[in-house]
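Here the structure is laid out as structure tokens; the discussion comes afterwards.
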Amino acid sequence: MSKRILITGGAGFIGSHVVRLFVNKYPNYTIFNLDKLTYAGNLENIKDIEQKENYTFLKGDITDPIYIQEIFQKYQFDGVIHLAAESHVDRSITNPMEFIMTNIVGTATLLNASKALWKDNFKDKLFYHVSTDEVYGSLHNDNEFFTEQTHYDPQSPYSASKASSDHFVRAYHNTYKMPVVLSNCSNNYGQNQFPEKLIPLFINNIRNNKPLPVYGKGENIRDWLYVVDHARAIDVIFHQGKLGETYNIGGHNEWTNIDLIHLLCKIMDKKLNRPEGTSQKLITYVQDRAGHDLRYAIDATKIKNKLGWEPSLQFDEGLNITVDWYLENTEWLESVTSGNYQNYYEQQYANK
Ligand code: NAD
Ligand code: DAU
């Protein structure tokens with residue numbers, strides 16, 4: 001069956017993996033990638049698929065209702081997979097308004113445009129909202145996990161904005177019967193993640209012999225999932241998820257930050273042929289993140305039992321692939337840390 005699917009945020013980290021998977025796996029779908037190309041959006045992340053016939057890039061802002069309505073009317077999307085967001089917790093602490101605009105107003109703008117286009121004829125239509133486990137807040141007991149029934153308790157401006165957007169998506173389902181599906185995923189790692197997030201930042205700093213800023217005591221726990229496995233889960237949920245439902249996605253892979261950092265240091269020393277212990281000396285304990293959530297851990301039983309999805313990679317394998325990718329793509333790292341990548345759109349698209 002042919003479909004016209006709008007993927008938002010497809011020049012970002014996770015979005016680029018989702019766009020690649022859909023463009024390559026579904027040649028009979030037309031994939032539209034809508035992205036504002038903020039600091040986090042980089043078209044070089046998907047340059048391997050940009051010439052494909054079933055792919056179109058649209059540069060635009062999800063908070064601009066006129067532009068959004070225009071593209072919905074013009075391209076008549078059947079489905080939306082919504083990933084565009086401001087995604088970094090530290091930035092949300094310094095600039096919450098940007099998160100409120102993009103994550104809340106942007107999501108509502110897309111919901112309104114979908115409602116206006118689809119009217120009440122929702123047959124074969126779907127609005128898929130990609131969210132985060134951070135909406136559930138912070139776990140304090142080892143035996144607790146986030147399930148789909150866990151009450152929302154967001155603690156940062158980022159997670160509060162994502163929680164709010166989740167509520168709007170459910171409200172459109174409840175009020176207007178819009179067909180929606182949601183997923184809440186744990187921490188992703190892998191190729192093309194902007195080096196402000198823990199793993200790529202630390203790989204880059206080790207490479208450049210720069211300090212590794214560990215927040216607080218490094219005791220916070222995250223549940224890490226390889227980004228391609230998240231993209232696979234999104235594919236499964238988009239095609240088989242039950243309307244109105246939520247699926248938690250996680251890696252069954254909890255690490256305290258400090259243990260993960262030690263592992264990364266060890267891997268990096270080996271790959272860079274440095275004596276063991278070299279990178280560890282770069283560890284620098286710094287002031288804790290304000291309101292730092294202690295632990296995230298996902299119970300992914302529902303998606304496993306109902307849709308048959310499981311992570312495909314073991315963490316050591318995924319981390320090795322990831323470190324190798326960053327070490328082989330130092331140009332990408334230089335380009336995103338210098339800001340040069342922002343010229344790519346002008347060079348490739350703007351004058352065409
Ligand atoms: P990212 O920051 O790498 O990418 C976000 C993308 O959205 C960028 O390409 C950016 O240009 C685009 N964007 C931002 N504002 C926009 C706007 N106003 N209009 C159009 N495009 C805009 O983010 P990511 O880490 O890939 O996360 C993608 C989604 O997945 C987010 O919704 C995030 O909340 C969610 N998520 C992320 C993780 C994670 O570990 N990174 C885990 C679970 C869920
Ligand atoms: O859980 C899903 C979420 O994971 C996503 O919704 C977010 O978009 C994504 O950014 C991520 O949020 P975190 O805050 O968990 O990720 P981050 O990589 O920023 O930090 C991971 C942990 O490492 C966290 O406990 C804070 C700590 N940290 C982070 C940085 C950048 C440090 O100790 N030092 C650092 O320099």
Side-chain angles (χ1 to χ4, degrees), residues 7-19 33-43 45-46 58-64 67-68 81-93 98-99 101-103 105-107 109-110 129-136 138 146 156 158-159 161-162 165-166 183-190 192-202 205 211-225 227 230-231 234 248-251 255-258 260-261 283-289 292-298 336 342:
I7 299 180
T8 70
F13 168 47
I14 301 169
S16 61
H17 289 275
V18 175
V19 165
N33 172 14
L34 166 64
D35 200 296
K36 183 180 172 184
L37 300 182
T38 67
Y39 80 94
N42 182 354
L43 286 173
N45 292 349
I46 34 171
L58 305 169
K59 183 170 192 279
D61 187 337
I62 57 167
T63 68
D64 176 350
Y67 172 76
I68 294 297
I81 305 178
H82 175 36
L83 296 108
E86 287 294 333
S87 69
H88 191 43
V89 174
D90 293 329
R91 287 180 190 255
S92 83
I93 295 168
E98 223 170 299
F99 285 68
M101 281 309 293
T102 296
N103 297 358
V105 177
T107 302
T109 306
L110 292 168
H129 181 59
V130 175
S131 192
T132 170
D133 61 357
E134 299 200 13
V135 298
Y136 298 123
S138 183
F146 297 136
S156 73
Y158 163 66
S159 53
S161 68
K162 291 296 291 186
S165 64
D166 293 12
S183 57
N184 295 76
C185 187
S186 63
N187 285 61
N188 284 214
Y189 70 95
N192 300 108
Q193 187 169 32
F194 196 84
E196 62 183 352
K197 308 277 167 67
L198 182 74
I199 290 180
L201 175 73
F202 278 37
N205 284 9
L212 305 176
V214 179
Y215 297 163
K217 293 183 180 157
E219 285 168 350
N220 305 70
I221 294 171
R222 297 293 182 266
D223 171 2
W224 294 94
L225 177 71
V227 63
H230 187 186
I234 289 173
N248 279 357
I249 309 168
W255 287 79
T256 61
N257 290 339
I258 197 64
L260 169 55
I261 291 161
I283 291 176
T284 311
Y285 290 91
V286 298
Q287 190 179 5
D288 207 355
R289 173 184 277 175
H292 199 171
D293 287 337
L294 181 64
R295 172 171 167 253
Y296 305 145
I298 284 277
V336 295
Q342 281 161 330

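First listed ligand is number 1; within each ligand, the first listed atom is number 1. For reference, positions follow the sequence shown, starting with 1. Everything quoted here is computed from the prediction, not taken from an experiment.
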Got the closest protein heavy atom to [atom], with its distance?
atom                    : value
atom 8 (C) of ligand 1  : D35 OD2, 3.5 Å
atom 27 (O) of ligand 1 : I14 CD1, 3.8 Å
atom 5 (C) of ligand 1  : A85 O, 3.4 Å

For the backbone of F13 and the side chain of N192, can you confirm whether one donor and one acceptor N or O come within less than 3.5 Å of each other?
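No.
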Would you say S183's side chain and N248's backbone share a donor-acceptor pair under 3.5 angstrom?
no
So, for [X] and [Y], which heavy atoms are closest and what is the spacing to 0.1 Å?
X    : Y    : result
S161 : N103 : OG-ND2, 3.0 Å
G250 : S186 : CA-OG, 3.4 Å
D288 : Y215 : OD1-CB, 3.5 Å

Atoms of ligand 1, numbered as shown, that sit under 4.0 Å from any heavy atom of [X]:
X    : result
L37  : 11 (O)
S186 : 42 (C), 43 (C)
G41  : 8 (C), 9 (O), 11 (O)
G60  : 19 (N), 20 (C)
N187 : 40 (O)
V130 : 30 (O), 32 (O)
T102 : 15 (N), 16 (C), 18 (N)
S131 : 43 (C), 44 (C)

Modelled atom types, side-chain donor and acceptor of [X] and [Y], under 3.5 Å:
X    : Y    : result
Y39  : R91  : yes
D166 : S131 : yes
E134 : Y296 : yes
S87  : K197 : yes

Flag [X] as yes when one of its N or O atoms lies below 3.5 Å from any N or O atom of ligand 1, and as no otherwise.
X   : answer
G12 : yes
D61 : yes
S87 : yes
L83 : yes
K36 : yes
F13 : yes
T38 : yes

Side-chain heavy atoms of N45 within contact of F194, under 4.5 Å
no
If we only count heavy atoms from C-beta on, is the I298 to L225 side-chain gap below 4.5 Å?
no
For ligand 1, indicate whether the residue [X] contacts it via side chain, backbone, both or neither (heavy-atom separation under 4.0 Å).
X    : value
K162 : side chain
Y158 : side chain
N188 : both

Can you name the residues that form a side-chain hydrogen bond (donor to acceptor under 3.5 Å, both in side chains) with E219, not counting sequence neighbours?
none
At less than 4.0 angstrom from any atom of ligand 2, which residues have a non-hydrogen atom? List them by chain and residue number.
S87, H88, V89, T132, D133, E134, Y158, C185, S186, N187, E196, K197, L198, L201, F202, P213, V214, Y215, N220, R222, N257, R289, H292, Y296
